[in-house]
Amino acid sequence: MNIQSAPAQLAEAPGSPGFSRKLKAYVALTKPRVIELLLVTTLPTMIFAQRGFPDLGLIVATMIGGAFAAGSAGAFNCYIDRDMDKLMHRTENRPLVTGEVTPRQALVFAWLLGILSIAILWFGANPLAGVLGVGAIFFYVVIYTLILKRRTAQNIIWGGAAGCFPVLIAWAAVANTVEWPAIILFMVIFLWTPPHYWPLSMKYSDDYNAANVPMLGAIAGARVVATQVVLYGWATVACSLLLVPVGGAGWTYTIAAVLSGGWFLYESHLLYNRAKAGEVANKVAMRVFHGSISYLTVLFLALAVDPFIGGPLFS
């Protein structure tokens with residue numbers, strides 16, 4: 001062995017610091033925090049569709065396939081947006097900016113992860129789930145990242161629909177079809193995405209302006225953004241309650257939807273009142289951002305518990 005090459009080889013050996021950094025870099029490409037949020041909606045939807053626990057193998061295949069699909073979309077996004085990521089403080093440590101992963105490596109990784117995700121959903125669940133997985137990746141990569149993100153302040157409204165696909169995939173995995181309850185859950189997440197993301201874009205408005213990304217929170221006044229957050233918040237809560245008469249939800253889901261929705265609306269109106277008074281600070285905006293995550297988590301946890309406690313409110 002060449003003595004000079006030994007340190008380099010050891011640095012890349014499994015378990016070494018070099019290997020660990022590379023692994024973490026690839027994981028970072030998948031945007032794991034986004035995946036966590038998507039998985040929070042997947043399993044509860046499967047349980048609600050089954051009205052009980054689905055087969056364990058089906059759960060595993062759907063969760064892994066869905067996570068890989070989201071990870072693939074995230075990696076494609078990092079590859080496409082690497083030019084703007086280096087201009088923004090919140091993204092300046094992403095692997096393609098730091099050079100821990102090359103663009104070619106990221107692109108190959110994104111394709112492999114996407115192909116694997118569709119295969120897992122197709123054969124582990126059913127072809128419909130696989131097709132919806134393709135739709136989720138396509139919507140996030142092409143519709144949102146390539147077409148909308150840099151062109152319109154409406155980007156997160158329509159592009160955010162990609163984050164709604166996990167509930168359709170979950171329902172299709174169990175029922176091999178898409179029914180009205182799944183569409184309602186899709187619309188809940190669709191309407192929830194703007195009031196979830198716009199407060200975050202208010203905090204990072206300088207970043208988005210530096211990268212010429214027309215996020216509403218960056219290009220519009222605080223009062224305009226807060227008004228939209230309130231309107232979309234009310235639409236989200238109203239839509240969530242449609243699951244009671246249309247989707248067969250019971251008391252557990254209904255109570256959770258009303259209480260958590262009321263709290264989410266209270267925080268949204270607080271943001272609006274502060275904006276109207278000219279007192280909006282990042283702390284207030286981020287309370288709505290974090291509160292929106294808590295709201296969605298409570299809502300879907302209640303969805304998972306609902307089939308086991310009582311029956312539908314409307315039979």
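Taking the six-membered ring for Trp and thresholds of 30 and 60 degrees, F264 and Y295 have nearly parallel ring planes, at less than 30 degrees apart. Using a 30° and 60° split on the angle between ring planes, F165 and F139 fall in the tilted class, from 30° to 60°. The aromatic rings of Y140 and Y144 are tilted relative to each other, their planes meeting at an angle between 30° and 60°.
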Please lay out, stage by stage, how V131 and L121 fare under the test side chain to side chain contact (heavy atoms under 4.5 Å, CB included).
-> CA-CA 9 Å; V131 170; L121 289 172; over 6 Å; no
Output, in order, the C-alpha distance, side-chain angles, deciding distance and verdict of side chain to side chain contact (heavy atoms under 4.5 Å, CB included) for L185 and T41.
-> CA-CA 9 Å; L185 292 172; T41 64; over 6 Å; no
Start with the C-alpha gap between M202 and W198, add the side-chain angles, then the distance that decides, and say whether side chain to side chain contact (heavy atoms under 4.5 Å, CB included) holds.
-> CA-CA 6 Å; M202 292 173 69; W198 280 336; 5.6 Å; no
Residue pair T145, F76: steps toward the side chain to side chain contact (heavy atoms under 4.5 Å, CB included) verdict = CA-CA 9 Å; T145 305; F76 275 118; over 6 Å; no
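Taking every heavy atom of both residues into account, A106 and L29 meet most closely at CB-CD1, 4.0 Å. In plain terms, the two heavy atoms of V174 and M46 that are nearest each other are CG2-O, 3.7 Å. Closest of all the heavy-atom pairs between S240 and Y253 is O-OH, 2.7 Å. What you find for P312 and G248 is that their closest heavy atoms are CB-O, 3.3 Å. For A125 against T62, the heavy-atom pair with the smallest separation is CB-OG1, 4.2 Å. Heavy atoms only, all atoms of each residue included: E100 and Q105 are closest at O-OE1, 4.5 Å.
Between I47 and P54, the closest side-chain pair of non-hydrogen atoms falls below 4.5 Å. I157 places none of its side-chain heavy atoms less than 4.5 Å from the side chain of T193. Contact of the P95 side chain with the Y26 side chain is not registered, since no non-hydrogen atoms from C-beta on lie closer than 4.5 Å. The shortest distance between side-chain heavy atoms of L43 and M63 falls below 4.5 Å. Here the side chains of T152 and P214 are not in contact, with every heavy-atom distance at 4.5 Å or above. When side chains are defined from C-beta on, N77 does not count as touching V141, because their heavy atoms never get closer than 4.5 Å. With contacts defined as side-chain heavy-atom distances shorter than 4.5 Å, the pair W180/L242 does not qualify. Within the 4.5 Å cutoff, the side chain of C164 has no heavy atoms near those of the M187 side chain.
To the nearest 0.5 angstrom, I293 atom CD1 is 7.0 Å from T297 atom OG1. Distance check, rounded to the nearest 0.5 Å: OG1 of T42 to CH2 of W171 gives 13.5 Å. Rounded to the nearest 0.5 angstrom, E92 CD and K86 NZ are separated by 13.0 Å. Within the model, atoms CD1 of I137 and CG of L113 stand 8.0 Å from one another, a figure rounded to the nearest 0.5 Å. Distance check: Q228 CD to L216 CG gives 6.5 Å after rounding to the nearest 0.5 Å. Expressed to the nearest 0.5 Å, how far OG of S205 lies from CE of M215 amounts to 12.5 Å.
For R51 and F48, the positive end sits near the middle of the six-membered ring, less than 6.0 Å away and at most 45° from its axis. Cation-pi geometry between R287 and F289 is not met: the NZ or CZ atom fails to fall both under 6.0 Å from the ring centre and inside 45° of the normal.
One hydrophobic cluster holds both L296 and I255 under the rule that ILVMFWY side chains link at heavy-atom gaps under 4.5 Å. Following chains of ILVMFWY side-chain contacts shorter than 4.5 Å, one cannot reach V213 starting from L87, and the two form parts of different hydrophobic clusters. I35 and I64 fall into different hydrophobic clusters, where Ile, Leu, Val, Met, Phe, Trp and Tyr are joined by side-chain heavy atoms under 4.5 Å apart, directly or via other members. Note on L259 and L313: same hydrophobic cluster, where clusters join Ile, Leu, Val, Met, Phe, Trp and Tyr whose side-chain heavy atoms are under 4.5 Å apart, directly or indirectly. Note: the hydrophobic cluster containing L168 also contains V142 (ILVMFWY, side chain heavy atoms under 4.5 Å, direct or indirect links).
Remark: aromatic rings of F308 and F53 are close, center separation under 6.0 Å. For W192 and Y232, the gap between ring centers reaches or exceeds 6.0 Å.
Checking side-chain atoms of T252 against main-chain N and O of A302 turns up no donor-acceptor pair under 3.5 Å. A distance-only check finds a donor-acceptor pair linking the side chain of T236 to the backbone of L191 [under 3.5 Å]. Distance alone, capped at 3.5 Å, is enough to place a donor-acceptor pair between the R82 side chain and the Y79 backbone. Distance alone, capped at 3.5 Å, is enough to place a donor-acceptor pair between the N126 side chain and the A172 backbone. Remark: side-chain polar atoms of T30 are not paired, donor with acceptor, to backbone N or O of G71 under 3.5 angstrom.
In the displayed structure, W263 atom CH2 is contacted under 6.0 Å by more than 12 heavy atoms of other residues, nucleotides or ligands.
The residues R150 and D83 are annotated as salt-bridged, a charged nitrogen and a carboxylate oxygen being separated by less than 4.0 angstrom. R90 and D207 are not joined by a salt bridge, as no carboxylate oxygen comes within less than 4.0 angstrom of a charged side-chain nitrogen. Salt bridge annotation for R94-D81: absent, with no cationic side-chain nitrogen under 4.0 angstrom from a carboxylate oxygen.
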